[in-house]
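The sequence lines fix the lettering, A, B, ..., with proteins before strands; numbering per chain opens at 1. All of these numbers come straight from a predicted model, not from anything done at the bench.
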Amino acid sequence: MSRLQPARGTSDLLPDAMAAHRQVITAAREVSARYGFQEMATPIFEFAEVFSRPLGDSSDVVTKETYNFTDRGGETFTLRPENTAGVVRAMISNGLTQSLPLKFFYAGPMFRYERPQKGRMRQFHQIGIEFLGPRDGLADAEIIACGARVLSDLGVLDKCKLHLNSLGDTDSRQAYRSALVAFLERHADDLSDDSQARLKTNPLRILDSKNAGDRDILVDAPRLDAHLNAESAAHFKAVTTALDAAGIKWEFDPLLVRGLDYYCHTAFEFITDALGAQGTVLGGGRYDGLSEMLGGPPVAGVGWAAGVERLAMLAGDVPVGVPRVAVMSAEPDADSTAFALAEAVRAAGIAVDLPSGGNIGKRMKKADRAGIRYAVILGGQELANGTVQLRDLGEGAQQEVAQTDLVARLLGIIGKGDGAMKSDES
RNA sequence: GCGGGUGUAGCUCAGUCGGUUAGAGCGCCAGUUUGUGGCACUGGAGGUCGCCGGUUCGAAACCGGUCACUCGCCCCA
């Protein structure tokens with residue numbers, strides 16, 4: 001702490017990192033809009049119960065990963081570790097249950113007190129969608145298709161595999177749970193310590209244990225899909241049929257169990273092996289009981305969230321935008337005219353830098369190194385003539401242009417609507 | 001919360017067996033170039049060797065602690 005540094009597990013988003021984040025968020029925003037989702041935002045902190053009730057007292061997220069604080073009024077709050085509960089709370093708070101179905105997109109920071117690793121931060125960023133209202137499997141398929149499309153637009157879909165499972169409805173899950181516990185209790189002594197604890201608190205979680213010994217035992221365990229009742233099986237069939245019809249590839253993963261208690265029926269994850277230990281890039285499922293857990297009316301829902309940092313790492317770097325034009329005066333007498341010209345060009349929608357300091361050579365050098373393509377140079381000669389020198393720093397060509405023609409000339413070269421903060425590829 | 005690895009210039013990294021003045025490349029600044037960038041050459045700035053303590057005549061190096069990053073466990077986005 002002797003040196004000034006950000007809090008553990010947090011990081012600054014300098015322009016390079018911000019550009020990588022922005023491409024992810026922009027792609028997700030654009031794709032989800034194409035599927036009819038509307039952007040919204042909830043506060044980054046909520047009353048603690050908003051998260052503690054629905055996520056489950058035995059979930060790791062609640063038991064050891066939340067940031068909690070008490071404010072001056074004595075209320076206890078939690079920094080949101082995920083956003084589904086907040087969105088459903090917002091639906092209830094705003095009386096939107098009268099306007100179902102609802103399709104929401106969100107993007108923003110989440111907070112979990114975890115040991116940081118590559119792709120795992122204490123403050124991280126998620127994008128996500130929530131589809132509230134419909135109970136049918138087509139809705140599940142639609143959000144999965146939307147997620148696949150986001151990954152595809154980012155060029156990372158071929159690095160990911162879609163794992164799919166059904167947790168069934170409450171009856172199916174309870175029937176399975178009993179069968180699983182009965183089986184696992186016969187092997188309790190051979191289970192890992194973690195799994196022995198989960199046997200009492202949340203036995204389904206044992207299914208996705210990575211412990212080799214646990215996995216050996218699980219080979220002979222009863223299968224969840226064999227315990228689905230007719231309605232649950234039909235729901236899952238509707239989802240997979242729709243995915244197949246759209247040509248979306250998926251793998252049945254009977255061991256996929258997601259960490260939060262509110263999930264039912266469909267559970268899915270897009271998984272990659274390109275990010276070390278952090279395999280999940282986008283994950284979600286159905287949460288028909290969540291609204292009631294929060295004290296609202298029964299409202300079905302299905303959605304997913306994706307990690308912006310992880311997607312940004314998969315998608316790779318993107319160039320940071322720089323202005324296209326630098327206007328520079330070669331002597332102090334021309335400064336105010338150069339300033340006015342810069343303003344006129346900016347008013348036309350073209351991004352302009354106005355370098356200062358050093359002589360004209362230094363300014364040219366800085367502009368060139370920054371990747372600025374066009375230099376507008378204004379010296380005593382030009383000031384007297386009412387002209388400027390317009391120099392193409394890419395080709396080295398230079399021409400004299402009347403000041404009154406400058407905006408039109410630049411628009412002709414750069415093009416309308418293409419002037420703001422574009423990095424030059426050539 | 002548990003285990004392993006790593007912290008030297010803005011960045012990437014050297015630094016021998018513990019030895020006196022800690023280096024390189026890139027980047028940055030300046031000059032060669034008093035109205036013009038890239039290329040080249042020359043010069044310069046920049047270091048509490050992560051931090052605290054210990055061992056020693058002497059520590060960037062060895063030991064302990066601590067902080068951070070990183071890989072894995074766990075968990076998830």
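Across all strands shown, B/G7 pairs with B/C67; the Watson-Crick or G-U wobble distances both stay below 3.5 Å. Across all strands shown, B/U33 forms no Watson-Crick or G-U wobble pair with both distances under 3.5 Å. Of the nucleotides present, none pairs with B/U21 by Watson-Crick or G-U wobble criteria with both distances under 3.5 Å. B/G47 is unpaired under the Watson-Crick or G-U wobble criterion, no partner having all donor-acceptor distances under 3.5 Å. When both pairing distances are held under 3.5 Å, B/G72 makes a Watson-Crick or G-U pair with B/C2. Checking B/C62 for Watson-Crick or G-U wobble geometry (two distances, each under 3.5 Å) identifies B/G54 as its partner. Pairing of B/G27, defined by two Watson-Crick or G-U wobble distances under 3.5 Å, is not identified with any nucleotide.
Distance check on atom P: B/G25 versus B/U34 gives 28 Å, rounded to whole Å. Rounded to a whole angstrom, the distance from the P atom of B/U16 to that of B/C74 is 39 Å. Rounded to the nearest Å, the gap between the C1' atom of B/G23 and that of B/G47 is 11 Å. Only the C1' atoms considered, B/G10 is 31 Å distant from B/G72, to the nearest whole Å. Atom P of B/A30 sits at a distance of 12 Å from the matching atom of B/G38, rounded to the whole Å. The P atoms of B/G50 and B/C41 are separated by 33 Å, rounded to the nearest whole Å. Between the C1' atoms of B/G18 and B/C49, the separation comes to 15 Å (whole Å). When the P atom is used for both B/U66 and B/G3, the distance is 11 Å, rounded to whole Å.
A/Ala315 pairs by the side-chain contact (heavy atoms from CB on, under 4.5 Å) definition with A/Gln23, A/Val156, not counting sequence neighbours. For the salt bridge (charged side-chain N to carboxylate O under 4.0 Å, His left out) test, residues two or more places apart in sequence or in another chain that qualify with A/Glu46 are A/Arg89. Listed by chain and residue number, A/Arg346 satisfy the salt bridge (charged side-chain N to carboxylate O under 4.0 Å, His left out) test with A/Glu343 (two or more places apart in sequence, or in another chain). For A/Asp392, the salt bridge (charged side-chain N to carboxylate O under 4.0 Å, His left out) partners two or more places apart in sequence, or in a different chain, are A/Arg373. Under the rule for a ring-ring contact (aromatic ring centres under 6.0 Å, His included), A/Tyr106 has no partner lying at least two apart in sequence or in another chain. Qualifying salt bridge (charged side-chain N to carboxylate O under 4.0 Å, His left out) partners for A/Lys103, counting only residues two or more places apart in sequence or in other chains: A/Glu142.
The residue among A/Ala7 and A/Thr280 whose nearest nucleotide of RNA chain B lies closer to the 5′ end is A/Ala7.
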Distances under 3.5 Å between protein N/O atoms and the N/O atoms of nucleotides 6-9 of chain B, please, pair by pair.
none

What protein N or O atoms touch nucleotides 29-36 of chain B N or O atoms at under 3.5 angstrom, if any, and at what distances?
residue	atom	partner	partner atom	Å
B/G31	OP2	A/Lys362	NZ	2.5
B/G35	O6	A/Gln381	N	2.9
B/G35	O6	A/Glu382	OE1	3.4
B/G35	N1	A/Glu382	OE1	2.4
B/G35	N1	A/Glu382	OE2	3.0
B/G35	N2	A/Glu382	OE1	3.2
B/G35	N2	A/Glu382	OE2	3.1
B/U36	O2	A/Arg391	NE	3.3
B/U36	O2	A/Gln398	OE1	3.1
B/U36	N3	A/Gln398	OE1	3.0
B/U36	N3	A/Gln398	NE2	3.2
B/U36	O4	A/Gln398	NE2	3.1

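If you check the side chains of A/Asn83 and A/Thr42, you find a donor sitting under 3.5 Å from an acceptor. Looking only at atom types and distance, the side chain of A/Gln123 has no donor-acceptor partner in the side chain of A/Thr10 under 3.5 Å away. A/Thr66 and A/Thr78 are not linked by any side-chain donor-acceptor pair at a separation below 3.5 angstrom, with hydrogens and angles left out of the test.
A/Ala305 comes within 4.0 angstrom of the backbone, heavy atoms only, and of no base. Nucleic acid contact class of A/Gly394 (heavy atoms, under 4.0 Å, all strands): base.
The number of heavy atoms from other shown groups lying within 6.0 Å of CD (A/Gln398) is above 12. The local environment of CZ in A/Phe183 is crowded, with over 12 non-hydrogen atoms from other residues, nucleotides or ligands closer than 6.0 Å.
Here salt bridge (Lys or Arg N to Asp or Glu O under 4.0 Å) pairs that include residues 146-160 of chain A, with residues two or more places apart or in two chains, are A/Arg34-A/Asp153.
Between A/Asp16 atom CG and B/G27 atom C1' the separation is 14 Å, expressed in whole Å. Atom CZ in A/Phe51 sits roughly 13 Å away from atom P in B/A77 (whole-Å rounding). Going from atom CD of A/Glu65 over to atom P of B/C73 covers 15 Å, rounded to whole Å. Atoms CD1 (A/Ile271) and C1' (B/C76) sit 11 Å apart, rounded to a whole Å. Across the protein-nucleic acid pair, A/Arg8 atom CZ and B/C51 atom C1' stand 16 Å apart, rounded to whole Å. If you measure from atom NZ of A/Lys159 to atom P of B/A77, you get 21 Å, rounded to the nearest angstrom. Rounded to whole Å, the distance from NE2 on A/His21 to C1' on B/A77 is 12 Å.
Listed by residue number, A/Glu114, A/Arg115, A/Gln117, A/Lys118, A/Gly119, A/Arg120, A/Met121, A/Phe124, A/Gln126 are the residues of residues 114-132 of chain A with a heavy-atom contact under 4.0 Å to RNA chain B.
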Extract all donor-acceptor atom pairs below 3.5 Å that involve side chains of residues 402-410 of chain A and protein atoms in other chains or at least two apart in sequence.
residue	atom	partner	partner atom	Å
A/Gln403	NE2	A/Thr387	O	3.1
A/Arg409	NH1	A/Gln399	OE1	2.6

Identify each donor-acceptor pair in which a side-chain atom of residues 327-342 of chain A lies under 3.5 Å from a protein atom, sequence neighbours left out, and give them as a table.
residue	atom	partner	partner atom	Å
A/Ser329	OG	A/Asp335	OD1	2.2
A/Glu331	OE1	A/Gly380	N	3.1

